[in-house]
Every structure is written in C-alpha cells, then in structure tokens.
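Residue indices begin at 1 and follow the sequence shown.
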Amino acid sequence: MECIGLTLGYSSGLQYTPICSTDRFSRFCTVAPSLNDPRVCTHSDDTAPGIMADGHSNNNHVPVLLSFSAFSRPSSVPVGSGYEVLIQKFLSIYGRQIDLHRKFMIQLYSDEWAQYIDLPKGFIISEKCKLRFVPLETDVTVLGNLIPATTVFFCCDMQERFRPAIKYFGDIISVGQRLLQGARILGIPVIVSEQYPKGLGSTVQEMDLTGARLVFPKTKFSMVLPEAEAALADLPGVRSVVLFGVETHVCIQQTALDLLARGFEVHMVADSTSSRSMMDRMFALERMARTGIIVTTSESVLLQLVGDKEHPKFKEIQNIIKASAPESGLLSKV
C-alpha cells in the first residue's frame, strides 16, 4: 500500500477543498494486484439525486454509501467519476468531523473479500458501492525544503500608491529586490500581481521585474486567479511558492491560504511583507504559521535554494546577502 498525505483546509467561500494537487490523487492509495474491481464513486452535493425510489441508479448517477468513523450516509455520484470528486464528496458531508491535519485514505468494500480494501489506481465508478474515509495515525509534517527546480516566487502588489501607507515599505521593497535578484540568478520563475493598477499604480520602479514569467492586474485580493493558475500549470514540477508583498493580512494571507488549499507548500517571507498596521501584520503572520504556512526570512530562503557552498551560484547569492536584510520592525515584536 502507498499513501500520500492529505491535509485539509478552507478555500474561499468556506468550502472544504483537498490540499493536494490533482496529479497526486492517482498516488493517494494503491491496492494489491489481486483486486480487479475498479468500481468507485462520487458527487458534489448531499442530496443524492441519483438514487431513485427503488434504490437503483438513473442514467447519470449511481447510489453509494459513504462512511466515516461511526457515520454512514447514502448518496449518489456521477458515473465515471474518479478520486478528486470523491474526496470533495466526503468533505462536503463530513468536513466538520474531519481533523484538518491528518493523513487519510479511501477504501472500497469488496464482496469477494467481505471487507474494506484499498482503492486501486485510476479507478472510476461503474456501479453501486460502499466507500469509507479512513484517518491514519501519522500527522502531516511540512518539511519546508526548497529546490530551485520545484519553486516559484509570487510577488504581490508592491505598488507605488502603497508607499506612504505601508509600515516599513522601504525595507520590504529592499528585501523584495534581493528576492527578485536571487530568482534571476537561480532561474526561478516569478509571478507578479498588481492590485487595480489603474488606481494604485504599477509595481515600484525599484523592483526589477526583468524576466518575470507573468505580471497581471487584479481586483480580487488573492493572487490565485486564472492567469496565475495557468502560469502554474505551465510549471508542472512546481510544489513550493515563495510569497512576499502587501498587505500581509489581506492579499498575502488570502493568496497563501488559496495556494495551500491547492496543495502547494507556501513559504511566506516575513521580512518582505507588511501592512498599514503592525497589529494586522503580526497577527496575520501568526495565523498563517498556525495553518501550516512556513513563515521564514529572505536570507533563509536564498541560502536554502543554493543549499551548498559548492553550488555554482553560491558566490552570487552570497553577494546579495552580504549585508543583513533590514528587520522592518519585526524584532520589536519578538
């Protein structure tokens, strides 16, 4: 049996979503080769529209029994559904009973073995079945390793009109410059957002966006919009996002939570993000750390990305961090 961790969290709209990317679903659980029954099922609401009065399915849905802990609920799912929809179905029914920081697996009841067995890879629903959502004992631990080949930088709303309002804006711009320079040296893609640039202006001139993969306008606070998601889709190996910009408690926090909900490991650079209020900034940093987002510093990020004094780009990175980054009011709150 093989399992990957499934941590659960909230996305916008307070709906549960699995914190793992789509390409990981096929590896969530495997099953012994003797299992030749690929049946499985799902749906996206609680009303079980596919179950008819006689308990049989209609043309588009099949009846299923979804169990978690001591609970079981009949429902229905679209024919041909796979793992991702099934996860959403379980969460829509049992989300409030599920520990958000555990590993899970899904099992199918086998008539042949008269017990629940692990789901096979690549299964789809074909007929009525019973499924259960099983918590494992091991908690999910985020290691926080950074590798250039699997990392992308998100630079959020570092715009001119914010300059007079954001605490320590000059400091976080200085640190942002270091991060962008490091990204160019290490060949790390950079995605940049600008909040309502017509009214708030473009990214400040000090921030050199040369080579940025994408610069896009937005009105939503989160950066996780179709433009950014399309750019991420073009970077299939990426699993870590280094995030910095303004404001910590609004656009940064909402972006971080949305990325986490999509399965990315999020590294939030504390010395390159701020708010109009230090209170908002510090409480947002604490909240994000509690949700599994890695709160770190610019120097830590850059040195983790090279990882070795013998790295061919180490000297160039060392030149960036030779002078310590400004503390931007963080030390006064420690």
**Report entry** Asp157 and Ser193 side chains, donor-acceptor separation under 3.5 Å
**Finding:** yes
Query raised in the report: Hey, is the main chain of Gly144 close enough, under 3.5 Å, to the side chain of Gln304 for a donor-acceptor pair?
Result: yes
Query raised in the report: Looking at side-chain heavy atoms only, is the closest gap between Ile252 and Met268 below 4.5 Å?
Result: yes
Query raised in the report: Is a donor on one side and an acceptor on the other found under 3.5 Å between the side chain of Lys218 and the backbone of Phe221?
Result: yes
Query raised in the report: Does Gln195 use its side chain to pair, donor to acceptor, with the backbone of Thr219 at less than 3.5 Å?
Result: yes
Query raised in the report: Between Val269 and Val242, is a side chain to side chain contact (heavy atoms under 4.5 Å, CB included) present by the stated rule, with each step listed?
Result: CA-CA 7 Å; Val269 187; Val242 173; 3.5 Å; yes
Query raised in the report: Does the pair Glu227 and Leu214 meet the rule for a side chain to side chain contact (heavy atoms under 4.5 Å, CB included), with working shown?
Result: CA-CA 8 Å; Glu227 299 94 326; Leu214 172 68; 4.1 Å; yes
Query raised in the report: Between Phe153 and Phe244, how do the two ring planes meet: parallel, tilted or perpendicular, split at 30° and 60°?
Result: perpendicular
**Report entry** Main-chain N/O of Val224 paired to Ser222 side chain as donor or acceptor, under 3.5 Å
**Finding:** yes
Requested in this report: Kindly check if the number of other-residue, nucleotide or ligand heavy atoms within 6.0 Å of CZ (Arg132) is above 12?
Outcome: yes
Query raised in the report: Where the side chain of Ser76 meets the backbone of His61, is there a donor-acceptor pair that is under 3.5 Å apart?
Result: no
Requested in this report: Check for a donor-acceptor pair, side chain of Arg178 on one end and backbone N or O of Ser174 on the other, with a separation under 3.5 Å.
Outcome: no
Query raised in the report: Quick one: do Arg161 and Glu194 make a salt bridge, cutoff under 4.0 Å?
Result: no
**Report entry** Under 3.5 Å donor-acceptor, Thr273 side chain and Gly245 backbone
**Finding:** yes
Report summary line: Rounding to 0.5 Å, atoms CZ (Phe283) and CE (Met288) come to a distance of 13.5 Å
Query raised in the report: Between Tyr116 and Tyr109, how do the two ring planes meet: parallel, tilted or perpendicular, split at 30° and 60°?
Result: perpendicular
Query - side-chain hydrogen bond (donor to acceptor under 3.5 Å, both in side chains) between Thr248 and Gln253, intermediate numbers included - result: CA-CA 6 Å; Thr248 311; Gln253 181 171 268; over 6 Å; no
Query - Cationic N near anionic O, under 4.0 Å, Arg184 to Asp208 - result: yes
Query raised in the report: Does the Ser275 side chain pair with the main chain of Met278, one donor and one acceptor, at a distance under 3.5 Å?
Result: no
Query raised in the report: Can you name the one residue among Leu65, Val64, Asp111 that meets side-chain contact (heavy atoms from CB on, under 4.5 Å) with Lys130?
Result: Leu65
